[in-house]
2 protein chains.
Amino acid sequence: MADTSVKPPFKITPVVFHVLLAMSEGDAHGYGIMQEVEKRTEGSLKIGPGSLYFTLNRLLEVAMIKEGAGAATDDARRKYYRLTEYGRAVLESELRLLSDIVDLAREKAVLRDEGVA
Amino acid sequence: MADTSVKPPFKITPVVFHVLLAMSEGDAHGYGIMQEVEKRTEGSLKIGPGSLYFTLNRLLEVAMIKEGAGAATDDARRKYYRLTEYGRAVLESELRLLSDIVDLAREKAVLRDEGVA
DNA sequence: AATTGATATATCAGTAATGGATATACTACA
DNA sequence: TGTAGTATATCCATTACTGATATATCAATT
């Protein structure tokens, strides 16, 4: 079993987590991340430009993300970012933690199943 | 299908979430919550007394939790709390959101399975 | 080609949340 | 009876976040 625990240099807050997750599929740009996170969390997490660009810069500094390129980018203003291996490791580590917590909660039947096959 | 979305009067941060979750099994007291959360999150979330008692008081104010009683309480100093129905609804709502995100991430294979039967 | 609204990045200030220090007191045990 | 651990509580410095603001570009309409 591989050791998947990674110690990031700062706390992986919900904002940081969702920014990383938004890039897990491929290159993403700031504005798109803002919109996707709000949609994905059903509005419960809205990342303002302040948090977003602060977070992106910090992720760049510690090389969890790097500059990327949007496939056939139309809009020249967009800046695309992508996960580095390190960034993906951090994301996976965090996700695994989250996954364990969800599993635990399910065991406790905090979540009462509704139609989970 | 019941509408499980609940709109809490403040943000359900990781600290708030874990405090609620710690009470999902039954009555819990502050110090115990601090320890359990640190253990459960493998040390990645340490709730200091400042956050803890601030959080507990706020949860009491909005009636997500209420005072409880430890079964045959030995230590008289302990103050036990338990979830109200409202508190449990908030917890379930948040958990479902988290669960969906974890599922989504799994679909994307951000989490590469290792021995998931 | 000018106007307009949405897109997009960026910074800043005010607010909210958190962590750590500190205080106080009780418990258990040697 | 001393001391380490348990337990609640408050305060303050730090950190994180939100929302306002600024600036500029793009797309669509006219």
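Naming: A, B, ... by sequence-line order, numbering from 1 per chain.
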### Query
Between B:P9 and B:R58, is any pair of side-chain heavy atoms under 4.5 Å apart?
no
### Rounded interatomic separation in angstrom, taking CG from A:N57 and C1' from D:dA16
15 Å
Name the pairs: protein N/O against N/O of nucleotides 15-19 of chain C, kept only if under 3.5 Å.
| unit_1 | atom_1 | unit_2 | atom_2 | d |
| --- | --- | --- | --- | --- |
| C:dA17 | OP1 | B:R58 | NH1 | 3.2 |
| C:dA17 | OP2 | B:R58 | NH1 | 3.0 |
| C:dT18 | OP1 | B:T13 | OG1 | 2.6 |
| C:dT18 | O3' | A:K11 | NZ | 3.4 |
| C:dG19 | OP1 | B:K46 | O | 3.3 |
| C:dG19 | OP2 | B:K46 | O | 3.2 |
| C:dG19 | OP2 | B:S51 | OG | 3.3 |
| C:dG19 | N7 | B:S51 | OG | 3.2 |

### Summary
Heavy atoms of A:K11 and A:V16 approach each other most closely as O-CG2, 4.1 Å
### Message
Are A:L52 and A:Y31 linked, directly or through intermediate hydrophobic residues, by side-chain heavy-atom contacts shorter than 4.5 Å (ILVMFWY only)?
### Response
yes
### Atom-pair distance (CG on A:L56; C1' on D:dA16), nearest Å
15 Å
### Task
Would you kindly confirm whether A:L97 and A:V6 end up in one hydrophobic cluster when ILVMFWY residues are joined by side chain heavy atoms under 4.5 Å apart?
no
### Message
Hydrophobic clustering (ILVMFWY, side-chain heavy atoms < 4.5 Å, transitive) - are B:I12 and B:L45 grouped together?
### Response
yes
### Message
Does D:dA9 have OP1 or OP2 under 4.0 Å away from a side-chain N or O of B:Y53?
### Response
no
### Query
Could you state the CG-P distance from B:L60 to D:dT8, rounded to the nearest angstrom?
12 Å
### Message
Using modelled atom types and a 3.5 Å cut-off, is there a donor and acceptor pairing between side-chain atoms of B:T55 and backbone atoms of B:S51?
### Response
yes
### Query
Between atom CE in A:M34 and atom P in C:dA8, what is the gap in whole Å?
9 Å
### Task
Calculate the interatomic distance between B:E36 atom CD and D:dT6 atom P; express it in whole Å.
15 Å
### Query
Is it true that a side-chain atom of B:S24 and a backbone atom of B:L21 form a donor plus acceptor pair closer than 3.5 Å?
yes
Look for any protein N or O under 3.5 Å of an N or O in nucleotides 23-25 of chain D and output each such pair with its distance, or none.
| unit_1 | atom_1 | unit_2 | atom_2 | d |
| --- | --- | --- | --- | --- |
| D:dT25 | O2 | A:R77 | NH1 | 2.2 |
| D:dT25 | O2 | A:R77 | NH2 | 3.4 |

### Message
So for the helix from C:dA1-D:dT30 to C:dA30-D:dT1, with five pairs setting each end axis, what is the inter-axis angle to 10°?
### Response
30°
### Message
Would you say A:R78 and A:Y80 are linked by a side-chain donor-acceptor pair, where the criterion is simply a distance under 3.5 Å?
### Response
yes
### Message
Let me spell it out: for each of B:Y81 and A:L52, pick the nucleotide of DNA chain D with the closest heavy atom. Which residue's pick is nearer the 5' end?
### Response
B:Y81
### Query
Between B:R82 (side chain) and B:K66 (backbone), is there a donor-acceptor pair under 3.5 Å?
no
### Task
Find the distance B:H29:NE2 to C:dC26:P and express it as a whole number of Å.
18 Å
### Message
Which heavy atom of A:L60 sits nearest to which heavy atom of A:I65, and what is that distance?
### Response
CD2-O, 3.6 Å
### Query
Whole-Å distance between C:dT11 P and A:Y31 OH?
19 Å
### Task
Take B:K79 and B:L56 through the side chain to side chain contact (heavy atoms under 4.5 Å, CB included) test and state the conclusion after the steps.
CA-CA 11 Å; B:K79 285 188 182 176; B:L56 285 175; over 6 Å; no
### Query
Roughly how many Å is it from CZ in B:R78 to P in D:dG5, rounded to a whole number?
16 Å
